[in-house]
Amino acid sequence: MTYALDLVNQILVCGLAALGLSICVGHTGQLNMAQAASFAAGAYAYAFLGVAHQLSGGAALAGAAAAAVLFAPAVALLALTLAEDEFVFGTLAFNVTLYGLLYNATDGSGTLPGTTWSNLTNGPYGITEVPPLFQAAAGAAPWHATAAAAVVVAVLLVAARAALASPWGSLLRAIRDSPRLALSLGKEIHAQRAWAAAATSFLGAMAGALYAAHFGYVDPNVAKTDRSVFFLAAALLGGAASFWGPLAGSAVIVLLPEALRPLGVTSVKIASARVIAYACVLLLLLHLRPQGLWREPPRRRRPAQADRR
Amino acid sequence: MIVFLASAAEHGLAIAALALAFALVYWSTRIFFVALGAIHVAAPFLVEGLCQPLGATRAAVAAAVAAAVVAGGGLALLAGWLNHEHLVRRGAPTGVHFAASLAVYYILSEVAKLLWGAQVLSLAPIMALSPRLAGGGASWPPLSQLAAIAACLTLVVTTSLALRHSGQGIKLRALADNPAELARCGASPVALRAAAFGAAGLLAAATAVAVASDLSLGIDDGLQALMPAATAVLLTPAGRWRWLLVCALALGLLRKAATLAVSGAWQDPLTLGLLLLVLVARRAGERRWGGMLAPRGRR
């Protein structure tokens, strides 16, 4: 039961981050490599509030959402100023820089992380005993926390769905398909890309907060570039421009190593095989649909009213 | 002071040589060849792997080094041919090239990890260049460090001179500017791109062997090693090889100064933070002042 709940939690967290990434990658056509940085920002914000300020899970999640709103402009600034390959490398550099900051923001004193500037993140040792969304001491069963995480993810999915179905979503796709046309119609393409990057970052940070709540521990590895590649592979596997695709891709990517376990492969080899599998999936998709990755799946058009008459 | 300067020079020249390899591909094709990082770190492991059956004689080490460098060139050529050439034919945007190269990087580095384990390696024991020089009462850098500096300097100077005085440099520039016109003049853009990838692989592998003759390289450090080199390339206007060397040496100095002042763990955040600042300021300035601040290569 606990094992199944753990897998469900992982799929929810990865799915939310991958869906967020799909707004940037699939709907706007910008390859964003900073999703792990946003993920880490949310995870650390939740951990700080839960551990250093002793907030309950719900309050820490609300605080993490506020921190995500504050963090998103940093990624948006990159989208506002950089384009194409510079944006890709810029986001990658941003990710590595944040990882370095999380790794180094410690004096090794072992004091409670987040309470002093000298030991802000506790460096490579990370932050332990992060409170879950529901405290077991309050009589909550393990599935309560998973259900709460599912509710949070569902609310965010509904909001993302509404945003992508709105005229703003159409504008993003128009900018992706023909930036020059959008520019000629007076649309601020850089500003819209920045908004999309901010939305991506926000969802990534919320996924990070749910991750911290579920695992009860965060360390700088949450900001590693590998994680950005992991989210990217999940988003691309299901189809980055479709709404449910990133969620389905996340399910496949989370369950893939579990399928390898009965074969008796060691955990170190599983980790390597997992990365190789993600990279192969990514490579295959890029080669099969280099132009079409960001595009929506073809829709069957309903016959127009005039055609039906 | 001498030791610090030698260390900064070694680091700066290693960045310069790797940046030169990276720029060979990036400036001529606009492809971020990230897989170069995996080829770079795999080369010393290959040398050690080949030395085990051959023995540690001078001739065996030389043969292993040559084989590793050629293997690096071959791998880069293969990655360019199978991965990027196919994407070029399909008109893929630069972001797709970047993601594909990153995927190849992960495949290569994980395969290397499965082959040799997640370990760090120095070729200093094989090269047997450890004695420290003495004299004048000052502390001198070890012979292995001086050899690494000399090797990196040789690689940088040889490649720069070859690009300047052979027809290849100007052809690569033409490939960047107008591949269609280049093809009409009788040159093959496909062959030139392959040459750029192959040369980049050779140079990256040779640099890794030179650096590993003094320092340790980890199998996971490919991206970390490539980042400062890519930073130097991005901070330099396209085609300005001399500026690239100056920028790489300055980065080497800055990174070693950061190590001395704070710790080695601050090298990457500082380098990449600087890159982000410059990129954002440069592009924001271009938008605001209509290209007045743009470097010459990009106007």
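We use all heavy atoms of the structure for the numbers below, so side chains are in, but hydrogens, waters and symmetry mates are not. By convention in this document, chain letters (A, B, ...) are assigned in the order of the sequence lines, proteins followed by strands, and residues within each chain are numbered from 1.
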Tell me whether the count of non-hydrogen atoms from other residues, nucleotides or ligands lying under 6.0 Å of CD in B:Gln119 goes above 12.
yes
Would you check if B:His97 and A:Leu286 make a side-chain contact, meaning some heavy-atom pair closer than 4.5 Å?
no
Heavy-atom neighbours of A:Tyr103 OH exceed 12 at 6.0 Å
no
Should the heavy atoms of other residues, nucleotides or ligands under 6.0 Å from CH2 of B:Trp81 be counted, would the total exceed 12?
no
Non-hydrogen atoms of B:Pro269 and A:Gly100 that approach each other most closely
CG-CA, 3.5 Å
Criterion side-chain contact (heavy atoms from CB on, under 4.5 Å) on A:Leu92 and B:Val34, from CA distance to verdict:
CA-CA 11 Å; A:Leu92 185 66; B:Val34 190; 5.6 Å; no
If the plane angle is over 60° it's perpendicular, under 30° parallel, otherwise tilted; pick one for B:Phe98 and A:Phe89.
perpendicular
Out of B:Gln267, B:Lys113, B:Met227, return the one with the most heavy atom pairs under 4.5 angstrom to chain A.
B:Met227
So for B:Leu82, is it side chain, backbone, both, or neither that comes closer than 4.5 Å to the heavy atoms of chain A?
backbone
Side-chain touch A:Asp226/B:Tyr106, heavy atoms, less than 4.5 angstrom:
yes
Do A:Leu283 and B:Val104 have side chains that approach each other closer than 4.5 Å (heavy atoms only, starting at C-beta)?
yes
Mark yes when over 12 heavy atoms from residues, nucleotides or ligands other than B:Trp243 sit less than 6.0 Å from its CH2; otherwise mark no.
no
Of all heavy-atom pairs between B:Leu275 and A:Ala93, which one has the smallest distance, and what is that distance?
CD2-CB, 4.1 Å
Heavy-atom count around B:Trp241 CH2 within 6.0 Å, excluding the residue itself: above 12?
yes
With chain A, the option among B:Ile107, B:Thr271, B:Leu102 that has the most non-hydrogen atom pairs under 4.5 Å is B:Ile107
Heavy-atom closest contact (B:Val280 atom, A:Leu82 atom, distance):
N-CD2, 4.3 Å
